[in-house]
Amino acid sequence: MLVLMGIPVKGLIALELRWLSLKKRVQHHYLANMKISTRFLLMFFVALGIIFMCVYQPAHLFGMEFEVRVINGFSNNSSLPLVIWCISQQDGDMGGRALQEGDDFGWRLKTNIWGNSHYLCTMKWDAKRRSFDAFKVPRDSQRCAPLNKCSWLVKEDGFYFSSDEVNWKKDFSWY
């Protein structure tokens, strides 16, 4: 019988095999628990992100529909129309229109998941010219609620905004 440091070699081998078996079981248990913890944390953060998006800006996550309308509110411009030209990243060039007194130009849009839907319009009347954001998600997703309607009334002294076309508030002037 072979003896090493007073312990039979056969016993050392058996002890080493038990140690390796125990080590393997501990490592397997640790890795399994680590995988579960990692999965749990990943699911937790994904769920937290979805909840944050729903609470912070639901329009960003699901895409909401809005109606945008620009109305010629001049009191007397029958000889000189109000010209409007709009573009967006989503719809591209929407073309130009010549609006007589009381005429309007409108469209429906659905916000994208990234929350960067943006519609830019340029207005021209006589020597006056002004570009403005007809719709921009960060600004308009809340102020156009609850009807999801964004209306602009263009007058001689400036641009008025309303979400119900009853209560108008001057947003800015021509210059």
Side-chain angles (χ1 to χ4, degrees), residues 36-175:
I36 291 170
S37 298
T38 304
R39 286 184 193 147
F40 174 76
L41 283 174
L42 180 64
M43 289 185 340
F44 174 75
F45 284 116
V46 167
L48 192 64
I50 290 171
I51 291 168
F52 178 75
M53 288 288 289
C54 290
V55 170
Y56 175 65
Q57 286 277 334
H60 290 188
L61 189 59
F62 303 113
M64 294 181 67
E65 287 193 17
F66 289 89
E67 179 183 347
V68 180
R69 187 169 175 226
V70 181
I71 305 162
N72 180 341
F74 283 88
S75 55
N76 185 12
N77 72 329
S78 56
S79 62
L80 193 60
L82 176 67
V83 178
I84 179 172
W85 196 283
C86 298
I87 58 170
S88 79
Q89 292 174 329
Q90 287 175 243
D91 298 331
D93 188 344
M94 298 168 60
R97 307 280 192 287
L99 304 178
Q100 296 297 330
E101 184 180 327
D103 286 348
D104 70 345
F105 174 55
W107 63 92
R108 296 189 68 75
L109 66 98
K110 187 170 183 172
T111 60
N112 62 27
I113 194 166
W114 312 114
N116 61 2
S117 300
H118 182 205
Y119 289 77
L120 179 72
C121 294
T122 300
M123 309 296 290
K124 183 178 180 293
W125 181 71
D126 198 15
K128 296 179 181 181
R129 184 183 196 105
R130 174 79 190 247
S131 292
F132 74 103
D133 296 321
F135 183 85
K136 197 170 189 176
V137 170
R139 180 192 69 190
D140 296 324
S141 61
Q142 296 300 317
R143 81 174 185 166
C144 294
L147 303 174
N148 289 355
K149 191 171 191 172
C150 303
S151 300
W152 294 95
L153 183 65
V154 183
K155 294 182 160 190
E156 292 88 351
D157 67 332
F159 295 68
Y160 292 77
F161 175 82
S162 175
S163 61
D164 60 7
E165 294 190 7
V166 174
N167 302 301
W168 295 94
K169 179 184 167 267
K170 187 174 181 181
D171 233 33
F172 51 90
S173 298
W174 277 92
Y175 299 107

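Values below: every heavy atom of this structure, side chains too, minus hydrogens, waters and symmetry copies. Model, not experiment: these values are computed from the prediction.
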> Would you say the side-chain atoms of S117 pair up with the backbone N or O of V137, donor to acceptor, closer than 3.5 Å?
Replying inline: no
> Does the cation-pi check pass for K155 over F74, that is, NZ or CZ under 6.0 Å from the six-membered ring centre and within 45° of its axis?
Replying inline: no
>> Quick check for you: to the nearest 0.5 Å, what is the distance between L120 atom CG and C86 atom SG?
In response: 8.0 Å
>> side-chain contact (heavy atoms from CB on, under 4.5 Å), that's the test. Do I84 and T122 meet it? Break it down for me.
In response: CA-CA 6 Å; I84 179 172; T122 300; over 6 Å; no
> Can you find a pair of side-chain heavy atoms, one from Y119 and one from D133, that are under 4.5 Å apart?
Replying inline: no
> Hey, are the side chains of R69 and F105 touching, using non-hydrogen atoms and a 4.5 Å cut-off?
Replying inline: no
>> Measuring centre to centre across the rings, with the benzene-like ring taken for any Trp, is W174 within less than 6.0 Å of F172?
In response: no
> Got V154 and I71 here, is their nearest side-chain heavy-atom distance under 4.5 Å?
Replying inline: no
> For the side chain of K170 and the backbone of D157, is there at least one donor-acceptor N/O pair under 3.5 Å apart?
Replying inline: yes
>> Using the ring centroid of each side chain, check whether F161 and W168 are separated by less than 6.0 Å.
In response: no
> Of all heavy-atom pairs between M123 and L82, which one has the smallest distance, and what is that distance?
Replying inline: CE-CD2, 3.4 Å
> Nearest 0.5 Å, what's the CG-CG distance between N72 and L99?
Replying inline: 6.0 Å
> Just checking, is any N or O donor in the side chain of W85 or D93 under 3.5 Å from an acceptor N or O on the other one?
Replying inline: yes
> When rounded to the nearest 0.5 angstrom, what is the spacing between CG in L153 and NZ in K169?
Replying inline: 14.0 Å
> Would a distance-only check, ignoring hydrogens and angles, find a side-chain to backbone donor-acceptor pair under 3.5 Å from S173 to Y175?
Replying inline: no
> Given the rule in the side-chain contact (heavy atoms from CB on, under 4.5 Å) test, do S141 and F66 qualify, once you have shown the distances and angles that lead to the verdict?
Replying inline: CA-CA 9 Å; S141 61; F66 289 89; 4.3 Å; yes
>> Using modelled atom types and a 3.5 Å cut-off, is there a donor and acceptor pairing between side-chain atoms of R97 and backbone atoms of D104?
In response: no
> Could you give all pairs that pass the side chain to side chain donor-acceptor pair (under 3.5 Å) test and reach residues 143-154, with sequence neighbours left out?
Replying inline: D140-R143, R143-D171, S151-E165
> Tell me, do R108 and V68 make a side-chain contact under 4.5 Å, heavy atoms counted?
Replying inline: no
> How many angstroms lie between atom SG of C121 and atom CZ of F135, to the nearest 0.5 angstrom?
Replying inline: 12.0 Å
> Within a strict 4.5 Å, meaning less than it, do heavy atoms of the L109 and E65 side chains meet?
Replying inline: no
> Do W125 and V83 have side chains that get closer than 4.5 Å, going by heavy atoms?
Replying inline: no
> Between S163 and C150, is there a donor-acceptor pair closer than 3.5 Å when you use the side chain of the first and the backbone of the second?
Replying inline: no
> Do R130 and F159 have side-chain heavy atoms sitting under 4.5 Å apart?
Replying inline: yes
> Is there side-chain contact between Q142 and C144, with at least one heavy-atom pair below 4.5 Å?
Replying inline: no
